[in-house]
Every structure is written in C-alpha cells, then in structure tokens.
Amino acid sequence: MHPSAGARSCLYDRAELDAVMHAMASRVAAWLQPQQRLAVIGILRRGAPLAQRLTELLVQHHGIAPPLRLDLSVKRYADDLTLLYPETRLDEPAGHTAPDLGGHSLLVVDDVLYSGHSLLRVLQYLAGKQPQQIRVATLVDRCVARLPVHADVVGVRLEVAPGSIIDCHVPPYEPDFQIDLVQPGRAP
C-alpha cells in the first residue's frame with residue numbers, strides 16, 4: 001500500500017510550515033551558547049532537507065555561526081509504515097570519514113517521531129561519538145513513542161488514529177512543503 005491510497009487531507013501547507021520552522025529555529029537558538037560547537041544532523045530522507053532549512057534559519061535569523069552539517073541514513077519503515085527492518089538500519093554516509101563530534105552539541109532533525117526505534121538507534125550511535133549534548137528536533141510528533149525517547153523541539157504534535165499516516169512532503173523529495181493526513185481504507 002502506498003500512502004496515497006485512501007482519504008487524504010492537507011493539515012499544514014507551505015506558509016503554515018514556514019511559520020512552524022521559524023518557531024522551531026527560535027526554540028533551538030534559545031538553548032545555544034555563543035561559543036558552542038554545533039553539528040546539525042539530518043535523518044535521511046526527509047529529515048535532511050529539514051535539517052538544512054533549520055540550519056539556514058539559525059544562521060540567517062539568529063546569528064548562529066554556520067554549524068557542521070551531516071546526514072545519517074536510517075531505515076526502519078516504508079512510507080506506509082510497513083516494517084522493513086526489525087533491527088533499525090543506520091548507515092554512515094558512503095565515502096565520508098566520520099568527523100570528530102567530541103565536545104559538539106548535536107541537533108538531530110527528523111520529519112516524524114513515531115515509535116522511537118529509529119531515534120533510539122541514532123542516539124545510541126551518536127552517544128558513542130562523545131558529544132557534549134544531543135538534542136532532537138522533529139517536525140511532527142505522533143505522540144505514540146514506545147521507547148524512552150522524546151524530541152526537545154517539536155514543530156507540531158498530531159494525535160491521529162492508529163491506522164492513519166502522517167505524510168510529510170518535503171522538497172526536494174516532493175514539490176510542495178506540506179503535511180497530509182492519510183486515512184487508508186477511506187474513500188478519497
């Protein structure tokens with residue numbers, strides 16, 4: 001099943017999400033210290049362009065020095081929430097030497113916090129890099145995490161029916177920046 005099957009409703013459009021991203025950047029900027037070494041880490045796929053947007057907002061609107069930007073490939077679910085990998089896969093970027101993150105403040109950015117398995121895998125991996133601290137920002141928190149993880153900065157909290165899908169459209173992967181609710185099994 002593809003997440004486009006079923007009834008679809010746009011919950012947030014581009015203008016609304018731009019305001020959400022600005023608010024998220026303000027919350028991140030509030031805890032940053034002037035001389036803090038920051039690394040912003042996007043979770044591929046959709047977390048990476050969100051991390052880039054957040055980084056640009058921090059630099060342009062909050063005077064933060066350009067941070068180190070990295071992306072990690074993490075895979076557990078398909079777009080329709082079908083479990084692909086019971087043991088969450090995490091791959092470092094191919095062809096890149098992992099930078100020294102010791103002493104950095106890390107900001108991990110993803111699109112949706114769902115069960116928490118992927119985020120926990122990322123946090124375990126990054127903790128081994130000896131950072132000063134790790135914080136998490138997510139565009140959407142589904143409020144159903146089953147593991148003891150949370151996002152420090154949340155764009156929107158969406159409590160939806162268990163079978164429903166939160167479908168984040170994030171350029172360049174989709175043409176429009178928006179959040180849709182997909183209700184499989186309901187007529188469009």
Side-chain angles (χ1 to χ4, degrees), residues 20-21 23-33 35-58 62 64-79 81-159 162 165-166 168 170 173 179:
V20 166
M21 292 296 294
M24 290 175 69
S26 293
R27 288 194 299 274
V28 169
W31 59 260
L32 290 174
Q33 302 298 316
Q35 301 304 316
Q36 206 165 6
R37 292 185 301 160
L38 177 65
V40 179
I41 302 168
I43 304 302
L44 290 169
R45 284 194 355 169
R46 291 169 182 86
L50 291 171
Q52 187 59 39
R53 282 177 184 246
L54 206 49
T55 298
E56 291 167 1
L57 291 170
L58 288 168
H62 297 280
I64 305 300
L68 178 63
R69 265 284 293 119
L70 305 167
D71 295 323
L72 291 175
S73 177
V74 179
K75 198 66 175 165
R76 182 170 173 85
Y77 300 102
D79 286 342
L81 301 181
T82 302
L83 183 66
L84 295 175
Y85 302 102
E87 299 294 325
T88 304
R89 280 185 43 195
L90 184 145
D91 300 313
E92 289 189 36
H96 293 270
T97 304
D100 177 15
L101 297 175
H104 278 76
S105 291
L106 308 182
L107 177 64
V108 176
V109 182
D110 204 1
D111 62 338
V112 178
L113 175 55
Y114 184 51
S115 69
H117 287 90
S118 298
L119 180 57
L120 183 61
R121 176 70 180 98
V122 169
L123 296 175
Q124 289 170 329
Y125 169 77
L126 292 173
K129 302 293 185 184
Q130 304 300 310
Q132 179 184 26
Q133 66 177 324
I134 304 173
R135 303 251 183 151
V136 175
T138 187
L139 183 60
V140 178
D141 184 344
R142 289 249 347 226
C143 304
V144 294
R146 294 182 221 145
L147 300 175
V149 294
H150 71 280
D152 301 285
V153 175
V154 175
V156 295
R157 295 181 196 282
L158 297 174
E159 296 183 45
I165 299 167
I166 298 297
C168 292
V170 181
Y173 300 112
I179 298 173

Partners passing side chain to side chain donor-acceptor pair (under 3.5 Å) against Arg157 (at least two apart in sequence or in another chain) =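 Per chain and number, Arg157 pairs via side chain to side chain donor-acceptor pair (under 3.5 Å) with Asp141.
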
Between [Y] and [X], is there a side-chain heavy-atom distance shorter than 4.5 Å?
X: Leu158; Y: Ile179; answer: yes
X: Val28; Y: Ile64; answer: no
X: Cys168; Y: Val140; answer: yes
X: Leu119; Y: Asp110; answer: no
X: Leu101; Y: Leu68; answer: yes

ask   = Among Val109, Val122, Leu106, Leu107, which one satisfies side chain to side chain contact (heavy atoms under 4.5 Å, CB included) with Ile41?
value = Leu106

message = Just to verify, what does Gln133 make a side-chain contact (heavy atoms from CB on, under 4.5 Å) with, not counting sequence neighbours?
response =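 Residues passing side-chain contact (heavy atoms from CB on, under 4.5 Å) with Gln133: Trp31, Gln36, Ser105, Arg135.
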
Rounded to the nearest 0.5 Å, what's the gap from [atom1] on [X] to [atom2] on [Y]? Could you check?
X: Leu50; Y: Met24; atom1: CG; atom2: CE; answer: 7.5 Å
X: Leu57; Y: Gln52; atom1: CG; atom2: CD; answer: 10.0 Å
X: Gln132; Y: Arg37; atom1: CD; atom2: CZ; answer: 8.5 Å

What pair of heavy atoms forms the shortest contact from [X] to [Y], and how long is it?
X: Gly155; Y: Val20; value: CA-CG1, 3.5 Å
X: Val112; Y: Arg142; value: CG1-CG, 3.7 Å
X: Ala25; Y: Leu58; value: O-CD2, 3.4 Å
X: Thr138; Y: Ala151; value: CG2-CB, 3.4 Å
X: His62; Y: Ser26; value: CE1-OG, 3.3 Å
X: Ala48; Y: Leu44; value: CB-CD2, 3.5 Å

Looking at [Y], is its backbone amide N or carbonyl O close enough to the side chain of [X] to form a donor-acceptor pair, meaning the two atoms are under 3.5 Å apart?
X: Asp152; Y: Val136; value: yes
X: Arg45; Y: Tyr173; value: no
X: Arg146; Y: His117; value: no

query = So Asp100 and Gln130, side-chain contact (heavy atoms from CB on, under 4.5 Å) or not? Walk me through it.
reply = CA-CA 9 Å; Asp100 177 15; Gln130 304 300 310; over 6 Å; no

